[in-house]
Amino acid sequence: FMQTVIDGVPGALMVINLDHTIALANREASQAAAEAGPIASSLKCYQVSHDRETPCDDRCPCPLEQVIATKEPVTVEHVHHDAEGNEVPVEIIAAPIFDDKGEVLQVIEWCHNITERKKSTLGLMRLKAAMEQVPVGVAVADGDLNLYFCNAAGLGMRGSGDQLVDIPKEAYKNWRVLRMNGEPYEIEDLPLVRATVEGITIHEEFVVEHHDGSRHPCDAVASPIMDKEGKIVGSVVVFHDITDRKQAEEREKKQTYYLEKAQELGQIGTWEIDVRQNKIHWTAENCRIFGVSVDSVVDYEVFIEKVHPDDREYVNQKWKSAIEGEAYDIEHRIVIDGVTKWVREKADVTFDEEGAAVSAIGFTQDITGRKQAEESLKRSEAFIRTVLDNLPTGLAVNAVDPEVTFSYMNDNFSECYRTTREALSDPDAFWNSVYEDPEFREEIKARILADCASGDPERMHWEDVPITRQGQE
């Protein structure tokens with residue numbers, strides 16, 4: 001009956017006497033033995049398991065001797081041999097059988113084949129070795145949220161400089177992890193924990209505070225680990241330091257801000273057009289100039305609709321010429337919310353190998369202020385000219401060196417000299433037109449040029465200069 005019972009036990013089971021002889025063995029133990037057929041009572045356990053004639057040595061600790069010495073159960077791993085002599089890795093669980101006096105009478109051993117587990121362990125060891133070479137942090141937690149593995153790169157992100165040989169099961173709870181806004185994480189909100197508890201993939205950025213107080217932003221992706229039945233058995237998180245990336249983003253953000261601020265202050269917006277797709281991208285300042293929101297979808301039709309009706313044909317023609325190879329640098333009016341503005345536009349067009357326009361990049365400058373100033377200046381100049389033209393005396397603005405040229409003269413000026421505007425229009429015609437006497441002409445010319453060259457205002461004042469015409473003063 002006892003033999004029938006133990007034959008039903010899965011795995012190899014043997015009852016062994018203290019002299020290593022086998023007192024009882026189940027069917028699976030017999031089948032796994034090196035000797036064919038049922039195990040004889042005279043055989044030693046090491047003959048059956050290891051096909052050897054001496055007990056196990058230090059290289060393969062004997063569970064029988066350990067149980068006799070400690071009177072406690074033990075678990076060891078051995079390499080046994082099957083009937084064909086092949087090595088079979090097994091795990092042995094040995095426990096004492098006591099007599100009435102509490103002394104070890106026999107030892108019962110149960111062993112089972114751990115070949116598949118060894119293969120898994122070897123694969124896991126190889127995976128761990130590979131993970132140690134990965135330049136990013138990798139951490140694995142089991143289903144009970146105990147930290148099972150963390151590679152060197154991950155441990156190094158703590159910033160303490162030391163390396164852990166045995167990772168505390170809850171080591172991650174001691175890390176100072178902050179949200180990007182500086183608020184500390186609750187344990188249950190950590191990506192590794194959420195992935196395990198909620199069974200979802202989490203992608204977040206957070207900050208790890210080092211022991212020296214410095215803070216380093218990290219990017220992390222945590223995912224649940226599931227068995228074949230879909231049960232969550234743990235989670236894995238991959239994370240890496242993104243300090244350099246964040247610093248680069250901050251530099252880019254500042255440069256963008258400075259550019260946008262410069263465009264705002266200079267009232268200059270930039271734009272780019274995909275000629276083939278008829279898509280236009282406007283910067284924030286360009287949108288402001290044309291009175292549209294920064295998220296507006298813009299094409300050429302939206303642009304031309306903003307152009308003053310009287311300028312549309314001109315702008316259309318200039319743009320058509322630009323995509324055919326001519327320069328595009330124009331000034332025109334636009335109408336925004338009923339208000340007329342002036343803008344200057346300039347573009348650089350890119351062409352493909354066949355000479356067709358592909359894209360263009362350009363700028364728009366709000367020149368309304370300049371145009372208003374120019375118009376105001378024109379009105380002022382017209383008013384001043386009107387005043388000067390009606391003065392009762394002659395007035396002119398001219399250069400004398402190297403020759404006399406006039407930029408302005410009123411009508412009374414030529415009349416005072418008894419000549420005409422036309423006679424004085426050619427360079428240096430003043431001397432011959434005004435002074436007919438050659439000798440006096442050279443004398444007065446030399447005097448005036450010398451006085452002007454001195455830069456002394458007191459000398460540049462001449463009175464009683466005779467002007468003769470046909471013998472009359």
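Note: hydrogens, waters and symmetry copies are ignored here, and every other heavy atom, side chains too, is used.
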Decide side chain to side chain contact (heavy atoms under 4.5 Å, CB included) for Val15 and Ile22; before the verdict, give the C-alpha distance in whole Å, the side-chain angles of both, and the deciding distance to 0.1 Å. CA-CA 6 Å; Val15 178; Ile22 299 173; over 6 Å; no
Audit row: Leu13, Glu109, side chain to side chain contact (heavy atoms under 4.5 Å, CB included) steps and yes/no: CA-CA 6 Å; Leu13 186 146; Glu109 288 187 3; over 6 Å; no
Could you go step by step and tell me if Leu18 and Ile68 meet the side chain to side chain contact (heavy atoms under 4.5 Å, CB included) rule? CA-CA 8 Å; Leu18 300 187; Ile68 293 173; 3.7 Å; yes
Would Tyr46 and His20 count as a ring-ring contact (aromatic ring centres under 6.0 Å, His included) if you check the C-alpha gap in whole Å, the side-chain angles of each, and the deciding distance to 0.1 Å? CA-CA 8 Å; Tyr46 47 80; His20 296 273; 5.5 Å; yes
Between Lys44 and Glu53, does the salt bridge (charged side-chain N to carboxylate O under 4.0 Å, His left out) criterion hold? Intermediate values first, please. CA-CA 8 Å; Lys44 308 286 187 179; Glu53 296 301 323; over 6 Å; no
Would you please test Thr21 and Leu43 for side chain to side chain contact (heavy atoms under 4.5 Å, CB included) and show each step? CA-CA 6 Å; Thr21 57; Leu43 287 177; over 6 Å; no
Criterion side chain to side chain donor-acceptor pair (under 3.5 Å) on Asp219 and His203, from CA distance to verdict: CA-CA 8 Å; Asp219 182 273; His203 185 189; 3.1 Å; yes
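Looking only at atom types and distance, the side chain of Asn278 has a donor-acceptor partner in the side chain of Glu301 under 3.5 Å away. Glu204 and Tyr185 form a side-chain donor-acceptor contact under 3.5 Å, judged by distance and modelled atom types alone. Using modelled atom types, one finds no donor on one side chain facing an acceptor on the other under 3.5 Å when comparing Asp274 with Ser359.
The CG atom of Leu145 sits 10.0 Å away from the CG atom of Leu190 when rounded to the nearest 0.5 Å. The distance from atom CD of Glu183 to atom CG of Leu178, rounded to the nearest 0.5 Å, is 9.5 Å. Distance CD/Glu91 to CD/Glu77: 6.0 Å, rounded to 0.5 Å. Here the straight-line distance linking atom CZ of Phe363 with atom OG1 of Thr283 works out to 12.0 Å at 0.5 Å rounding. Interatomic distance, CD of Gln365 versus OG1 of Thr368, reported as 10.0 Å (0.5 Å rounding). Taken to the nearest 0.5 Å, the CD1 atom of Ile289 stands 9.0 Å off from the CD atom of Glu345.
Checked for salt-bridge contact, Asp329 and Arg344 meet the test: a charged N lies under 4.0 Å from a carboxylate O. Taking 4.0 Å as the cut-off between side-chain N and carboxylate O, Glu331 and Lys371 count as a salt-bridged pair. Checked for salt-bridge contact, Arg245 and Glu249 meet the test: a charged N lies under 4.0 Å from a carboxylate O. Between Glu205 and Lys246, at least one side-chain N (NZ, or NE/NH1/NH2) sits under 4.0 Å from a carboxylate O, which counts as a salt bridge. Arg179 has a carboxylate O that lies under 4.0 Å from a charged side-chain N of Asp189, or vice versa, which qualifies the two as a salt bridge. Salt bridge present: Glu285 and Arg288 bring a charged side-chain N and a carboxylate O closer than 4.0 Å.
Between the side chain of Lys279 and the backbone N or O of Tyr300 there is no donor-acceptor pair closer than 3.5 Å. The backbone N or O of Val207 sits nowhere less than 3.5 Å from a side-chain atom of Arg215 that would complete a donor-acceptor pair. Between the side chain of Thr70 and the main chain of Glu72, a donor-acceptor pair closer than 3.5 Å is present. The backbone N or O of Glu305 lies less than 3.5 Å from a partner atom in the side chain of Arg312, making a donor-acceptor pair. A donor-acceptor pair is defined here as one N or O able to donate and one able to accept, closer than 3.5 Å; no such pair exists between the side chain of Asn151 and the backbone of Gly137. Side chain of Asp142 to main chain of Asp144: a donor-acceptor pair is present (N/O by atom type, distance under 3.5 Å, no hydrogens or angles). A donor-acceptor pair under 3.5 Å is absent between the side-chain atoms of Ser296 and the main chain of Val292, judged by distance alone.
Contact record, Cys56 with Pro61: CB-C, 4.4 Å, taken as the closest heavy-atom pair. Nearest heavy-atom pair, Asn17 versus Leu64, reported as atom, atom and distance to 0.1 Å: O-CD2, 3.8 Å. Across every non-hydrogen atom of Ala95 and Val67, the tightest pair is C-CG1, 4.0 Å.
Shown here is Asp295, whose CG atom has more than 12 heavy atoms of other residues, nucleotides or ligands within 6.0 Å. No more than 12 heavy-atom neighbours from other residues, nucleotides or ligands sit within 6.0 angstrom of CG on Asp100. Sparse packing is recorded around CD of Glu252, with 12 or fewer heavy atoms of other residues, nucleotides or ligands lying under 6.0 Å away. Within a 6.0 Å radius of NZ in Lys318, no more than 12 heavy atoms belonging to other residues, nucleotides or ligands are found. For Glu324, the CD atom counts as densely surrounded, since its 6.0 Å shell holds more than 12 non-hydrogen atoms of other residues, nucleotides or ligands.
Note on ring orientation: taking the six-membered ring where Trp is involved, the planes of Phe206 and Phe239 are tilted (angle from 30° to 60°). Ring orientation note: the planes of Tyr328 and Trp271 are nearly perpendicular, at an angle over 60° on the 30°/60° scale. Below 30°, between 30° and 60°, or above 60°: for Trp110 and His112 the angle between ring planes is below 30°, a parallel geometry.
At least one side-chain heavy atom of Val307 sits under 4.5 Å from a side-chain heavy atom of Ile304. Two residues are said to be in side-chain contact when any heavy atoms from C-beta on lie closer than 4.5 Å; Met226 and Val233 fail this criterion. Residues Cys62 and Gln66 fail the side-chain proximity criterion, which asks for heavy atoms closer than 4.5 Å. A 4.5 Å side-chain heavy-atom check between Tyr408 and Arg385 finds at least one atom pair inside the cut-off.
Aromatic pair His210/His216: ring centres closer than 6.0 Å.
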